[in-house]
Amino acid sequence: MLYSLVDHNEDFVVVNKMPGITVQRDGESAGLLEVVATDLKVNKLYPVHRLDKETSGLVVMACTPEANRRLSKKFADHAVQKFYLAISGNKPQRKQGLISGDMEKARRGSWKLTKARKNPAITQMFSQSLAPGIRLFLLKPKTGKTHQLRVALKSLAAPILGDLRYGSAEQSADRMYLHAWQLQFGWNGELKRYQQAPISGEWFGRPEFDESIKVWTSPEDLPWPAI
C-alpha cells in the first residue's frame, strides 16, 4: 500500500502517504500523483506541495488548475498550519522552543542551518521522552524550506531516526521517522482539518507512541513558543 485516501472532493484530494514514494515522477517510477489519479480514475492531479520521498503523511493534490492556484498560494503564504511528528535516538540540546536560522547548501545536496537571520527557516517544537534514549518531537514549521525539519533537528544534535542524509549510519532504522501529521486551512468559508497517524514504522506502531501523542491531539491549541 502506497497511501490511504483521506478526502476526495471536487477541488482536491488528501492522502496519507507511505514513506518510499515521491510525490512526482521519479525517473521511470510513477509518483504519488500519477498513482492516485489512476486509482481515482481522474485525468490529472496537480501538485500543491510535496513531501520528501522518505517522509510519510498528509499530501494535498488539486483536481483543477483553479484549485491548484488557490491551494498553492495558501501554502506559499503560510496560510496552512502544518504539524509533524518525528523521532530521534539522540537527546536534543533543547527540549522545546524555536529553531531559526538561514539555510545554506552543504555537501552532496544537503543543507545546514546558520546563525544568520536574513531569510530564516523557522520551526517551533515540543518534545517528550518516548523510551530510554528515544525522543518524540512535535514540529510546527512556519516556513517551508527544503529539508527544513531534518536540518532543524540535526542542529539540535538530535537527527531524525533513520535519516541517512543528516543522521548517523550507526542509528539504523526501518524507516525515516518523520510524518506529516496534521494540516489545517480555510476553504470556501469552511475550516478543513485533517489528522492522520503514521501507518508504517516499528516505533510509530508501539503502544507508548499512541499514548504519548494523546497530549498533542489538538496541536493547534498548544502554547507554541513565540516567533
Side-chain angles (χ1 to χ4, degrees), residues 2-3 15-36 45-61 68 72 75-76 78 80 82-90 92-94 98-125 127 135 137-181 183 198 200-201 203-204:
L2 299 177
Y3 71 93
V15 301
N16 188 11
K17 167 180 133 36
M18 290 278 283
I21 182 173
T22 56
V23 173
Q24 294 180 295
R25 174 170 283 273
D26 183 15
E28 296 299 317
S29 301
L32 190 67
L33 283 165
E34 292 177 63
V35 172
V36 176
L45 291 172
Y46 299 83
V48 174
H49 65 125
R50 71 177 187 87
L51 297 179
D52 291 339
K53 182 177 182 178
E54 303 92 342
T55 304
S56 63
L58 291 164
V59 179
V60 182
M61 308 169 184
N68 182 42
S72 296
F75 276 88
H78 312 302
V80 179
K82 300 175 286 186
F83 303 93
Y84 289 73
L85 298 170
I87 293 176
S88 176
N90 288 27
Q93 295 171 345
R94 288 181 287 119
L98 190 70
I99 308 168
S100 178
D102 289 350
M103 290 178 61
E104 293 183 356
K105 287 186 177 180
R107 298 185 197 178
R108 302 181 183 90
S110 296
W111 295 80
K112 62 181 179 180
L113 201 68
T114 73
K115 294 181 179 179
R117 299 287 192 277
K118 293 180 180 179
N119 183 24
I122 301 171
T123 304
Q124 298 160 288
M125 67 102 175
S127 73
R135 198 86 188 166
F137 291 83
L138 175 62
L139 305 168
K140 182 183 180 183
K142 178 65 177 176
T143 51
K145 301 183 183 295
T146 301
H147 294 181
Q148 176 174 324
L149 301 182
R150 299 164 67 180
V151 173
L153 291 191
K154 170 72 172 181
S155 75
L156 297 181
I160 295 170
L161 188 63
D163 190 343
L164 300 180
R165 179 178 291 275
Y166 295 101
S168 169
E170 298 174 357
Q171 289 191 337
S172 60
D174 59 328
R175 60 159 293 177
M176 187 178 79
Y177 278 87
L178 179 62
H179 177 77
W181 187 37
L183 290 175
S200 74
W203 277 104
F204 282 149

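Both backbone and side-chain heavy atoms feed into the values below; hydrogens, waters and symmetry mates do not. In this text the structure is predicted, and so the values were computed from the model without any measurement. Sequential numbering from 1 along the given sequence is applied to the chain's residues.
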- Query: For the atom pair OG1 (T55) and CZ (R50), what is the distance rounded to the nearest 0.5 Å?
  - Reply: 9.0 Å
- Straight-line distance of S155 OG to W111 CH2, nearest 0.5 Å: 15.5 Å
- Query: For V151 and L113, which heavy atoms make the closest approach, and how far apart are they?
  - Reply: CG1-N, 3.6 Å
- Query: What are the two closest non-hydrogen atoms of S56 and L51, and how far apart are they?
  - Reply: O-CD1, 3.7 Å
- Message: Can you see whether F137 has R135 sitting over its ring - NZ or CZ less than 6.0 Å from the centre and within 45° of the normal?
- Response: no
- Query: Is a donor on one side and an acceptor on the other found under 3.5 Å between the side chain of K105 and the backbone of G109?
  - Reply: no
- Task: Could you pull out all residues at least two apart from R25 that satisfy salt bridge (Lys or Arg N to Asp or Glu O under 4.0 Å)?
- Result: E34
- Message: Among residues at least two apart in sequence or on other chains, which ones pass ring-ring contact (aromatic ring centres under 6.0 Å, His included) with Y166?
- Response: H147
- Across all chains, not counting sequence neighbours, the ring-ring contact (aromatic ring centres under 6.0 Å, His included) partners of Y46 are none
- Side chain proximity check, L161 to S88, heavy atoms < 4.5 angstrom: no
- Message: When you compare the side chain of N68 with that of V48, does any pair of heavy atoms fall below 4.5 Å?
- Response: yes
- Query: With a 4.5 Å limit on heavy-atom distance, are the side chains of T123 and L98 in contact?
  - Reply: no
- Over all atoms of both residues, closest heavy-atom pair of A86 and L139: CB-CD1, 4.0 Å
- Tightest non-hydrogen contact, residues K82 and G144, listed as NZ-CA, 4.3 Å
- Close side-chain approach of P159 to N90, heavy-atom, < 4.5 Å: yes
- Message: Measuring only between side-chain heavy atoms, which start at C-beta, is S100 closer than 4.5 Å to R117?
- Response: yes
- Task: State, to 0.1 Å, how close G201 and R175 come at their nearest heavy-atom pair, and which atoms those are.
- Result: CA-CD, 3.7 Å
- Task: Please identify each residue that fulfils side-chain contact (heavy atoms from CB on, under 4.5 Å) with L164, with sequence neighbours left out.
- Result: none
- Message: If you define the side chain from C-beta out and look only at heavy atoms, does anything of L178 sit under 4.5 Å from M176?
- Response: yes
- Message: Can a donor-acceptor pair be found, under 3.5 Å and without considering hydrogens, that links the side chain of Q148 to the backbone of P141?
- Response: no
- Query: For residues S127 and R94, is any side-chain donor paired with an opposing acceptor at under 3.5 Å?
  - Reply: no
- Note on the structure: Here the gap from S200 atom OG to H179 atom NE2, rounded to the nearest 0.5 Å, amounts to 9.0 Å
- For the residue pair F204 and L85, what are the closest heavy atoms and their distance? CZ-O, 4.4 Å
- Not counting sequence neighbours, list each pair that qualifies as a salt bridge (Lys or Arg N to Asp or Glu O under 4.0 Å) and has a residue in residues 138-156. D52-R150, E54-R150, R150-D163
- After noting the C-alpha distance and the side-chain angles of Y84 and L138, does the key distance pass the side chain to side chain contact (heavy atoms under 4.5 Å, CB included) rule? CA-CA 6 Å; Y84 289 73; L138 175 62; over 6 Å; no
- Could you tell me which residues satisfy side-chain contact (heavy atoms from CB on, under 4.5 Å) with D102, sequence neighbours excluded, listed by chain and number? T114, A116, K118, N119, P120
- Item | Straight-line distance of F83 CZ to W181 CH2, nearest 0.5 Å | 9.0 Å
- Roughly how far, to the nearest 0.5 Å, is CG of N16 from CG of L2? 12.0 Å
- Show your reasoning for whether side chain to side chain contact (heavy atoms under 4.5 Å, CB included) applies to H49 and V60. CA-CA 7 Å; H49 65 125; V60 182; 3.8 Å; yes
- State, with a plain yes or no, whether a side-chain heavy atom of M61 is found less than 4.5 Å away from one of V36. yes
- Tell me, do R165 and S110 make a side-chain contact under 4.5 Å, heavy atoms counted? yes
